[in-house]
*Asks:* 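The structure that follows is given in the form of structure tokens.
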There are 2 protein chains.
Amino acid sequence: MAASRSSTGSVTIEDVAREAGVSRAAVSKVIRDAYGVSPAMRERVAAAIEQLGYRPSVSARGMRGKTFTLGIEIPELSNPFFPLLLAGATAALSGSPYQLIIAPADPAHSEGYRAIQALVDRQVDGVIAVSPLVEPAWLTELAATVPVVMIGRHDRADGYDTVVSDDEAGTRRLMRHLLDLGHRDIAHLTGESDRTAPGSGVPQAIRLQTYRAVMQEAGLGDRVNVARAVDVATGAHRTALQLLTGAERPTAVFACHDEPALGVLRAVADAGLTADEVSVAGYDGIDIAGHPGISLTTVRQDGERMGRLAVELLLERITGRTEPRHEVVGPDLVVRSSTRPPRPRGTATRLQALGDH
Amino acid sequence: MAASRSSTGSVTIEDVAREAGVSRAAVSKVIRDAYGVSPAMRERVAAAIEQLGYRPSVSARGMRGKTFTLGIEIPELSNPFFPLLLAGATAALSGSPYQLIIAPADPAHSEGYRAIQALVDRQVDGVIAVSPLVEPAWLTELAATVPVVMIGRHDRADGYDTVVSDDEAGTRRLMRHLLDLGHRDIAHLTGESDRTAPGSGVPQAIRLQTYRAVMQEAGLGDRVNVARAVDVATGAHRTALQLLTGAERPTAVFACHDEPALGVLRAVADAGLTADEVSVAGYDGIDIAGHPGISLTTVRQDGERMGRLAVELLLERITGRTEPRHEVVGPDLVVRSSTRPPRPRGTATRLQALGDH
DNA sequence: GTGAAAGCGCTAACAA
DNA sequence: TTGTTAGCGCTTTCAC
């Protein structure tokens with residue numbers, strides 16, 4: 001509590017050296033745990049540091065060597081999946097000399113470029129990027145300067161590492177579940193098409209693409225139904241409402257992730273429908289999906305593990321690895337009561353439904 | 001996209017000066033918008049900067065002047081209230097030359113001290129702290145070095161500014177609502193007692209204190225019922241389950257914030273009870289509380305506004321203000337279907353309940 | 001209005 | 001094993 005926590009004041013390495021009666025270099029070596037210091041000196045210096053409450057200036061260190069800072073860029077904190085990533089990353093760094101700083105991508109500005117650049121400007125020793133929309137070419141260029149790990153992009157790049165969840169497998173598992181329940185009219189709710197372009201490597205794009213593929217394979221190509229929401233996290237409710245009150249009401253809606261899925265559930269309620277009439281599924285496995293009032297079927301991604309993995313890869317890079325690594329973590333389907341067998345067309349009563357099978 | 005975004009490479013102020021045919025000092029003045037540069041020079045330098053894709057090194061700047069970085073320390077991202085704070089802060093900074101960086105407090109380590117210290121070590125121009133548990137004395141000491149704004153502590157300090165929500169008013173409004181509905185056996189679910197010590201200035205402490213006061217004022221002092229959860233965010237479910245299955249079941253449970261309230265709702269469901277039997281209320285006004293499957297009565301705090309306000313106060317401090325400011329923002333009660341009039345004791349059927357009034 | 005020069009606190013060669 | 005020294009890229013007087 002006392003001196004060691006005392007304010008940064010302006011006690012420099014010089015002061016410590018004087019106090020301990022050694023040279024600045026000696027102090028530097030001690031704090032960096034560098035080779036060639038006698039235990040005696042180490043102790044003297046440590047005592048002086050403690051005594052004076054010395055804290056090395058990260059700025060000054062950054063000018064010559066490392067900052068012991070890792071930067072992570074995050075597109076939005078409102079989606080509960082991202083905090084999970086952060087929790088994993090923070091945990092992985094616990095006890096290490098590295099400190100994590102987060103740069104939030106300002107939604108009003110250019111898609112994460114600014115935030116990543118801000119991190120680099122601050123001389124971080126490595127960058128974790130979560131923006132799905134930054135261009136791979138730009139990242140490659142960046143990776144030539146500083147170690148980079150990208151989370152959630154499927155395209156493999158040589159310059160940097162990637163950590164992704166297997167969105168195709170997850171989507172297939174979910175679609176299989178819906179088909180097995182007997183659903184045929186399955187709609188997919190996703191974002192605007194510029195964010196889901198095939199080949200973009202963005203999770204939403206993979207999910208859309210896999211949805212299409214599975215529908216085709218199941219002979220339901222003519223029932224492919226893709227609904228687009230302008231801002232999918234907030235706009236899903238509106239889009240779903242149109243979808244559900246339209247003539248061609250699907251029996252199941254698969255939303256590209258859990259946040260819009262919550263909007264769809266809300267729309268189901270607002271349209272006076274129930275889970276027996278419209279099944280809803282999401283993607284991510286956010287905690288609230290398990291709440292009894294929600295009970296959303298979803299594909300769980302282990303965000304914490306992904307965050308941890310990203311940090312591990314980054315530290316490896318910093319330690320010298322140069323061959324790229326690409327880690328894929330397997331998602332799990334979690335079935336809950338938001339998905340049920342479809343009610344036969346046109347039957348509205350329990351009796352008829354019973355007689356149907 | 002091109003040069004200006006190009007990697008930080010190692011183009012220095014020197015390179016820009018050479019390219020523009022001026023001195024380093026001149027370039028420095030231009031990028032700092034300092035007094036005494038001719039428009040012609042400004043233009044020449046700007047062109048060179050653009051041309052070379054020059055980015056000033058924050059580390060180097062930090063050694064002499066400012067870093068144009070504001071640091072915010074956050075205890076946990078999992079609670080959706082905090083991302084709101086961040087959204088407000090980010091928005092307030094949009095377009096300014098300042099960049100926000102977030103230091104997550106590692107739950108495994110000392111309560112935010114480390115994270116705040118990490119920020120200070122990085123020479124931020126100001127600090128926003130959200131940890132309710134750091135000692136005011138320590139913050140005062142810190143504030144002597146760098147401008148500080150604390151969010152969510154009620155104790156006033158001279159050295160730094162504070163932004164809080166009026167927890168007493170919010171709690172009174174909520175309690176009034178429950179009492180008006182007819183509830184008498186109202187339990188309060190909160191965290192361990194060391195986190196809710198009276199006079200600590202922590203929101204949870206104020207809410208607890210106000211709960212007690214209102215109960216007394218209503219002549220219900222003997223029915224005060226405070227349930228403690230070990231880790232309130234995750235442990236609320238368990239504690240609530242005990243509370244609801246015990247002999248003295250309350251008719252209403254007021255949780256110290258929305259996350260535990262969700263746990264209580266889950267416990268209500270798990271115990272086979274309904275909203276008619278147990279009313280549940282929370283505090284914060286997180287989005288999901290409005291979902292039809294949840295419909296939680298809560299006290300909304302305008303987190304975005306609080307984040308914005310904190311940034312404004314901090315910028316004022318940086319610009320030179322020294323008198324402390326303490327901003328209180330008023331919370332709003334949001335009534336939803338999770339709270340209803342209590343069912344008369346011992347009556348289990350609709351008929352009896354009907355006859356009762 | 002512009003440039004030269006002196007550091008800010010630290011690290012990394014190299015010398016001792 | 002320890003100390004000396006030369007910068008890292010920038011800001012900031014202070015001359016010109």
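Values below: every heavy atom of this structure, side chains too, minus hydrogens, waters and symmetry copies. Not measured: the values here are computed from a predicted model.
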*Asks:* Not counting sequence neighbours, which residues clear salt bridge (charged side-chain N to carboxylate O under 4.0 Å, His left out) with A:E76? List them please.
*Replies:* none
*Asks:* Tell me, please, the opening and closing nucleotides of DNA chain C, 5' to 3', among those with an atom under 4.0 angstrom from a non-hydrogen atom of chain B.
*Replies:* C:dG1 to C:dG9
*Asks:* Roughly what angle, to 10°, lies between the helix axis at the start of the helix from C:dG1-D:dC16 to C:dA16-D:dT1 and the one at its end, five pairs per end?
*Replies:* 30°
*Asks:* For every nucleotide of nucleotides 9-16 of chain D, 5' to 3': is a protein heavy atom under 4.0 Å from its base (B), only from its sugar-phosphate (S), or from neither (-)?
*Replies:* BBBB----
*Asks:* With sequence neighbours left out, what residues match A:R195 under side chain to side chain donor-acceptor pair (under 3.5 Å)?
*Replies:* A:E111
*Asks:* Go through the structure and list residues passing side chain to side chain donor-acceptor pair (under 3.5 Å) with B:S131, not counting sequence neighbours.
*Replies:* B:E73
*Asks:* For A:T67, give me all partners under side chain to side chain donor-acceptor pair (under 3.5 Å), at least two apart in sequence or on another chain.
*Replies:* A:D125
*Asks:* Taking atom types as modelled, find out whether A:R122 and B:S59 have a side-chain donor-acceptor pair closer than 3.5 angstrom.
*Replies:* no
*Asks:* Suppose we screen for ring-ring contact (aromatic ring centres under 6.0 Å, His included). Which residues come up paired with A:Y98, at least two apart in sequence or across chains?
*Replies:* A:F68
*Asks:* Tell me, please, which residues at least two apart from B:E19 pass side chain to side chain donor-acceptor pair (under 3.5 Å).
*Replies:* none
*Asks:* Restricting to pairs with a member in residues 83-95 of chain B, which pass side-chain hydrogen bond (donor to acceptor under 3.5 Å, both in side chains), not counting sequence neighbours?
*Replies:* A:D106-B:S94, A:H109-B:S94
*Asks:* Output a table of donor-acceptor pairs, distance under 3.5 Å, between side-chain atoms of residues 29-36 of chain A and any protein atom two or more places apart or on a different chain; print 'none' if there are none.
*Replies:*
from, atom 1, to, atom 2, distance (Å)
A:R32, NE, A:S28, O, 3.2
A:R32, NE, A:S28, OG, 3.0
A:R32, NH2, A:S28, OG, 3.1
A:D33, OD1, A:R42, NH1, 3.3

*Asks:* With B:L84, which residues qualify under side-chain contact (heavy atoms from CB on, under 4.5 Å), at least two apart?
*Replies:* none
